[in-house]
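See below for the structure under consideration.
From a predicted model like this one, the values you see are computed outputs, not experimental measurements.
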Amino acid sequence: MRCPFCRKDKDRVVDSRSSDAGRTIRRRRLCLVCKRRFTTYERTVEGHKLLVIKKDKTRVPYDREKILAGLEKACTKRPVSAEQIQQIADKTEEALFRHYDKEVPSAAIGDLLMKHLRAVDKIAYIRFASVCRDFKSAAELLEEVARTLQQAEPVDQLKLFED
């Protein structure tokens with residue numbers, strides 16, 4: 001494995017852990033040249049690929065990288081970490097493979113992603129929903145924003161004075 005810092009191919013594995021229900025192995029590595037640590041992930045390649053049915057009824061192979069790219073665009077300049085984006089993709093992927101065997105509508109993928117994204121960051125959710133749901137007018141977008149705002153925010157403190 002090449003070190004992302006010095007690009008040398010001399011490292012050793014410091015720690016290995018299974019994640020994502022056993023489908024991924026997370027390895028912490030130590031570069032023997034520059035002495036910096038980095039993390040790698042190893043994923044198993046599924047024997048059968050899931051096909052995504054797009055809006056125009058065409059079918060394309062499921063691609064996790066497309067999900068990550070969409071999430072990253074929605075979360076640009078938002079306080080959402082790369083780890084949170086990975087977790088959203090992991091949760092979505094796990095649900096997809098649990099509920100669908102061969103084909104999944106793209107709308108189902110979008111709905112799962114929006115559900116998880118809404119819990120993390122509402123602005124990123126609105127950005128993602130505006131593309132995924134393909135709003136036809138500004139009024140539709142404003143309705144979605146209003147619905148999102150009506151959801152209760154988590155309360156961190158009790159109110160000192162009642163109105």
Side-chain angles (χ1 to χ4, degrees), residues 1-2 4 13-29 37-156:
M1 183 64 55
R2 287 196 186 277
V13 175
V14 178
D15 181 40
S16 289
R17 293 195 182 170
S18 176
S19 65
D20 192 23
R23 289 184 284 156
T24 304
I25 297 175
R26 176 186 177 268
R27 298 193 195 277
R28 287 292 293 159
R29 297 176 181 268
R37 291 180 181 233
F38 59 99
T39 304
T40 59
Y41 294 91
E42 297 174 21
R43 293 187 177 277
T44 57
V45 177
E46 301 292 327
H48 65 285
K49 277 292 190 181
L50 193 62
L51 291 177
V52 177
I53 305 169
K54 297 175 73 173
K55 289 178 187 175
D56 64 359
K57 304 297 181 211
T58 60
R59 286 164 171 73
V60 296
Y62 170 80
D63 185 2
R64 179 184 172 90
E65 297 306 314
K66 286 184 181 179
I67 286 177
L68 291 171
L71 288 171
E72 287 170 2
K73 284 179 189 173
C75 296
T76 299
K77 296 186 180 181
R78 298 298 307 153
V80 181
S81 69
E83 185 175 312
Q84 287 175 304
I85 291 172
Q86 288 288 335
Q87 288 173 352
I88 292 169
D90 289 344
K91 288 177 190 174
T92 301
E93 197 170 71
E94 192 173 306
L96 287 175
F97 285 110
R98 191 174 339 118
H99 295 294
Y100 297 94
D101 288 333
K102 295 182 178 164
E103 296 181 332
V104 59
S106 61
I109 296 172
D111 289 343
L112 282 168
L113 288 167
M114 286 187 293
K115 178 182 127 186
H116 297 301
L117 195 54
R118 176 183 255 166
V120 173
D121 186 88
K122 292 188 185 218
I123 299 294
Y125 161 76
I126 292 295
R127 288 178 180 172
F128 192 87
S130 69
V131 173
C132 187
R133 291 210 176 134
D134 193 26
F135 296 121
K136 301 293 182 221
S137 68
E140 288 179 13
L141 177 64
L142 289 174
E143 287 174 20
E144 185 62 32
V145 170
R147 271 195 300 272
T148 302
L149 289 175
Q150 286 175 354
Q151 286 186 333
E153 293 286 331
V155 178
D156 293 335

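The two residues K136 and E140 make their nearest non-hydrogen contact at N-OE1, 2.9 Å. Across all non-hydrogen atoms, the minimal contact from K57 to R59 is O-NH1, 3.3 Å. Between L117 and A74, the shortest heavy-atom contact is CD2-CB, 4.3 Å. Of all heavy-atom pairs between M114 and C132, the closest is CE-SG, 4.0 Å. Contact record, A89 with I67: CB-CG2, 4.2 Å, taken as the closest heavy-atom pair.
To the nearest 0.5 angstrom, E72 atom CD is 16.0 Å from R78 atom CZ. To the nearest 0.5 Å, atom NE2 of residue H116 and atom CD of residue Q84 are 13.5 Å apart. Interatomic distance, E93 CD to R98 CZ, rounded to the nearest 0.5 Å: 12.0 Å. The line from OG1 of T92 to CD1 of I109 is 9.0 Å long, rounded to the nearest 0.5 Å. Between D121 atom CG and I85 atom CD1 the span is 10.0 Å, to the nearest 0.5 Å. In this structure, NZ on K115 lies 10.0 Å from CG on D111, to the nearest 0.5 angstrom.
In this structure, R147 places its CZ atom where more than 12 heavy-atom neighbours from other residues, nucleotides or ligands lie under 6.0 Å away. By the neighbour-count criterion of 12 heavy atoms within 6.0 Å, atom CZ of R37 is sparsely surrounded, having that number or fewer from other residues, nucleotides or ligands.
You'll find the side chain of D15 reaches within 4.5 Å of the side chain of R26, heavy atoms only. Considering only heavy atoms from C-beta on, C75 stays 4.5 Å or farther from F128 through its side chain. Within the 4.5 Å cutoff, side-chain heavy atoms of R64 are placed close to those of L68.
Ring centroids of Y62 and F97 are separated by less than 6.0 Å, placing the two rings close together.
Taking the salt bridge (Lys or Arg N to Asp or Glu O under 4.0 Å) definition, one finds that D63 meets it with nothing, sequence neighbours left out.
Residue pairs meeting the salt bridge (Lys or Arg N to Asp or Glu O under 4.0 Å) criterion with at least one partner in residues 123-133, sequence neighbours excluded, are R133-E144.
Tested against F38, the residues R27, M1, R2 include a single side-chain contact (heavy atoms from CB on, under 4.5 Å) partner, M1.
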